[in-house]
Number of protein chains: 2
Amino acid sequence: MVSTKAGTRRRSPKDAGANASQRATRRDPDATRANIIEVATREFAENGLDGARVDEIAEKTRTSKRMIYYYFESKEGLYKAVLENVYREIRTREADLGLERLPPERALRKLVESTVEYDDSRPHLFRLVAIENINYGRHVQGSSSIQTNNASATEILSDILRRGAEAGVFRKDINPTDLHMVISALSLFRVSNRYTFGTIFGTDFSDPAVRRRHRKMIGDIVMRYVAPQ
Amino acid sequence: MVSTKAGTRRRSPKDAGANASQRATRRDPDATRANIIEVATREFAENGLDGARVDEIAEKTRTSKRMIYYYFESKEGLYKAVLENVYREIRTREADLGLERLPPERALRKLVESTVEYDDSRPHLFRLVAIENINYGRHVQGSSSIQTNNASATEILSDILRRGAEAGVFRKDINPTDLHMVISALSLFRVSNRYTFGTIFGTDFSDPAVRRRHRKMIGDIVMRYVAPQ
DNA sequence: TCTGACGTGTACGAACCAGTACGTTCTCAG
DNA sequence: CTGAGAACGTACTGGTTCGTACACGTCAGA
């Protein structure tokens, strides 16, 4: 979730780590900020940018509405902070799978299947992505922090594909960005279109058996696509 | 788009088809209804359910706000009517491709590639689907008209898969609903996640060359997945 | 030509909601 | 221990927006 430990904002050097075991007392700007972001993430994910209410967010916070405007200036400023936080969280994941040490075929399947599991387990994160797309990606576009560092996803994939091609187990003409899109598309659909698809075709996406079936299918699809011949 | 010819609402039998060439004169309930739906479709697709403004819709209509409430009772009623109309339109398409007369492999590839083209050409329809999912599919759930008749998509696919399996060119264990999901996922992602993905990975989804590349790739993915062995 | 229902326009109300004015308390450097 | 700025709370405002009251036009059949 949202980090609770002190951020990088100005602090006197001497108290860095000093009063660590103190109770989360009266004034704690970083905790207040984090608390607001945490609540706002939930509210925006549930109700959308327009649908979310600042008063509602404030009430669920352990502080007041005044603080939201104090720290984030506007509803949109808060939304943007939430979005940056979410992307940071999504980004962080893939790096820690240790895929570079696995043989390419095992690495790719693991990447795909863990993506399905992850997306399924954090629906609210991807609802925010969907919401941002409804808003024409305006805030992602306006945030350099989101645009930077996002090569990582394709870099990991590029590495796997390169090794696979060299070993002769993958085709050589796979575009890493396109493949990343394919994996995201197949995995995200289960979250983004859960309600309409589920209602119309009677698929229960929350059923673990269905998830396992989909996870395997999506893995198979990707592996068959990259296979040579 | 929205049908302009008279609907099925009560009409005296004698004027059915009588004054056909008259100018779209003073009183024309069906045209008014259709006009409202048409404008509302655009507005809801562009701004979402909460984002759209009834006054704005009314102004762009050739009638007044009063009529929106007269015909649709509430903003939500209007939204629901729009949604039903959109699903009707989406449904109508696939039937007219004549796929049952093609050999299974050609039929499947044609289905996939035409889906990509169609989704790409009607982004606003699928923005509405995305919006509906943000709203937890509440209105789709409440509309029997949407839930009925939606077997068609899987029926066409089932038929192709059955014929392919019999001919020995497809595997026998493909779940039609799951395959439909795969095709939808790959095709819809290009519309639903256009902005965030495009910004982060520098993909221009409106470039025809990119669309052609994706269309072929998605076709290849599906064909490789259903192939036996 | 009269009548009742249907269709239409205008002007307004009431709630809702983002954002702010203003005042208070805390914290830490000097 | 003191002053100045940071952190915080309360109460309000002004604009927006869904929905409606009310009045009038129009049409088909009696």
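We use all heavy atoms of the structure for the numbers below, so side chains are in, but hydrogens, waters and symmetry mates are not. Everything numeric in this text was worked out from a predicted model, so none of it was measured. Residue numbering restarts at 1 for every chain, and letters A, B, ... go by the order of the sequence lines.
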J.: List in chain and number order the residues that pass side chain to side chain contact (heavy atoms under 4.5 Å, CB included) with B:Ser187, two or more places apart in sequence or in another chain; answer none if no residue qualifies.
T.: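 Applying side chain to side chain contact (heavy atoms under 4.5 Å, CB included) to B:Ser187 gives B:Thr115, B:Val116, B:Asp119.
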J.: Can any side-chain N or O of B:Arg53 pair as donor or acceptor with the backbone N or O of B:Asp50 at less than 3.5 Å?
T.: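 Present.
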J.: Quick one: which of C:dG9, C:dG19, D:dG19 gets closest to the side chain of B:Thr63?
T.: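 Looking only at side-chain atoms, B:Thr63 lies closest to C:dG9.
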J.: Got a sec, which residues hit side chain to side chain contact (heavy atoms under 4.5 Å, CB included) with A:Ile156, two or more places apart in sequence or on another chain?
T.: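 Scan of A:Ile156 (side chain to side chain contact (heavy atoms under 4.5 Å, CB included), adjacent residues dropped) gives A:Glu94, A:Leu99, A:Ile160.
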J.: Within the 4.5 Å heavy-atom criterion, are A:Arg42 and A:His124 side-chain neighbours or not?
T.: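 No, every pair of side-chain atoms sits at 4.5 Å or beyond.
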J.: If you only use heavy atoms from C-beta on, which nucleotide in D:dC8, C:dA18, C:dT10 is closest to the side chain of A:Met67?
T.: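 From the listed options, D:dC8 comes nearest.
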J.: So is B:Arg211 actually on top of B:Phe205's ring, under 6.0 Å and inside 45° of the axis?
T.: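 The answer is no, since B:Arg211 fails at least one limit relative to B:Phe205.
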J.: In whole angstroms, how far is the P atom of C:dA18 from the CZ atom of A:Phe72?
T.: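 To the nearest whole Å, that distance equals 16 Å.
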J.: Using atom CD1 of A:Ile68 as one end and atom P of C:dC17 as the other, report the distance to the nearest whole Å.
T.: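 After rounding, the gap between these two atoms is 14 Å.
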J.: Would you tabulate the pairs of protein nitrogen or oxygen atoms and nucleotide nitrogen or oxygen atoms of nucleotides 20-24 of chain D closer than 3.5 angstrom?
T.:
none

J.: Does A:Arg194 have any salt bridge (Lys or Arg N to Asp or Glu O under 4.0 Å) partners at least two apart in sequence or in another chain, and if so, which?
T.: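 In terms of salt bridge (Lys or Arg N to Asp or Glu O under 4.0 Å), with neighbours along the sequence ignored, A:Arg194 is linked to A:Asp120.
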J.: Would you say a side-chain N or O of A:Thr32 is under 4.0 Å from OP1 or OP2 of D:dC8?
T.: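 Yes, within the criterion.
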J.: The criterion is side chain to side chain contact (heavy atoms under 4.5 Å, CB included); which residues satisfy it with B:Ile200, sequence neighbours excluded?
T.: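 B:Ile200 satisfies side chain to side chain contact (heavy atoms under 4.5 Å, CB included) with A:Tyr87, A:Val140, A:Ile146, A:Asn150 only.
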J.: Going by number, which of residues 42-61 of chain B have a non-hydrogen atom under 4.0 Å from DNA chain C?
T.: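 Per residue number, the list is empty: none.
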J.: Look at A:Tyr70 and D:dA7 and indicate whether a side-chain polar atom (N or O) is within less than 4.0 Å of OP1 or OP2.
T.: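 For A:Tyr70, the contact criterion (side-chain N or O under 4.0 Å from OP1 or OP2 of D:dA7) is met.
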J.: Where do A:His180 and A:Ala153 come nearest, in terms of heavy atoms and distance?
T.: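 Between these two residues, the closest heavy atoms are CE1-CB, 3.7 Å.
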